[in-house]
Amino acid sequence: MTEKLKVVVLSGAGISAESGIATFRSGEDGLWSNYKIEDVCTPSAFEKNPTLVNDFYNMRRIEMMNALPNAAHLALAKAEELYDVTIVTTNVDDLHERAGSTNVKHLHGNLTKARSSRQSLGLLPDYLLEPHLVTV
């Protein structure tokens with residue numbers, strides 16, 4: 001059996017934007033046009049206003065759950081038939097995995113997993129969504 005050639009793919013917001021996932025930096029429609037990063041994406045923001053931070057991430061989770069992998073996600077998953085593919089992504093969604101990719105490294109975390117930086121707290125629940133907020 002011949003060893004598959006190794007391929008590393010770097011992916012970012014552009015690949016998931018095609019699936020309807022809002023990007024952080026895309027002008028007036030970008031998430032940072034509505035939020036300050038220091039208000040929703042830092043430990044001090046969570047200490048100051050955990051409801052705002054949780055609401056921000058729950059909206060991202062709902063958006064992710066309503067999105068579907070697009071042709072690019074599917075093509076990368078299919079490439080695993082011929083290559084040993086590693087995807088390194090800055091995206092926090094799970095669209096690569098839902099498309100079928102099996103080796104995905106998330107540089108900025110993953111919305112499907114929440115963990116505490118305080119080891120004594122252990123793992124938090126995978127989803128922090130309130131069931132009544134989910135509109136899949």
> Taking the six-membered ring of F56 as reference, does the NZ or CZ atom of R60 fall below 6.0 Å from its centre and within a 45° cone about the axis?
Replying inline: yes
> What is the distance from atom CD of E80 to atom OG1 of T102, rounded to the nearest 0.5 Å?
Replying inline: 3.5 Å
> Rounded to the nearest 0.5 Å, what separation is found between the CE atom of M65 and the CZ atom of R98?
Replying inline: 9.0 Å
> Which heavy atom in A67 sits nearest to a heavy atom in S19, and how many Å separate them?
Replying inline: CB-O, 3.6 Å
>> I need the minimum non-hydrogen distance between G100 and A77, along with the two atoms involved.
In response: C-CB, 3.7 Å
> Under 3.5 Å, is there a donor-acceptor pair linking the side chains of D94 and T112?
Replying inline: no
> Under 3.5 Å, is there a donor-acceptor pair between the H73 and E97 side chains?
Replying inline: no
[Y] and [X], any side-chain heavy atoms less than 4.5 Å apart:
X: V85; Y: V9; answer: yes
X: V40; Y: F46; answer: no
X: I21; Y: E63; answer: yes
X: L76; Y: H96; answer: yes

Once side-chain hydrogen bond (donor to acceptor under 3.5 Å, both in side chains) is applied, do any residues pair with [X], and if so which ones, sequence neighbours excluded?
X: K105; answer: N103
X: T90; answer: none
X: E38; answer: none

Checking [X] side chain against [Y] main chain: does a donor-acceptor pair fall under 3.5 Å?
X: N91; Y: A13; result: yes
X: N70; Y: I15; result: yes
X: T42; Y: A45; result: yes
X: K48; Y: P43; result: no
X: T89; Y: S11; result: yes

> Going hydrophobic residue to hydrophobic residue with side-chain gaps under 4.5 angstrom, can you get from I87 over to L111?
Replying inline: no
>> Can you confirm whether K78 is buried at NZ, in the sense that more than 12 heavy atoms of other residues, nucleotides or ligands lie under 6.0 Å from that atom?
In response: no
> What's the verdict on side chain to side chain contact (heavy atoms under 4.5 Å, CB included) for L107 and V88, showing C-alpha distance, side-chain angles and the deciding distance?
Replying inline: CA-CA 7 Å; L107 294 179; V88 180; 3.8 Å; yes
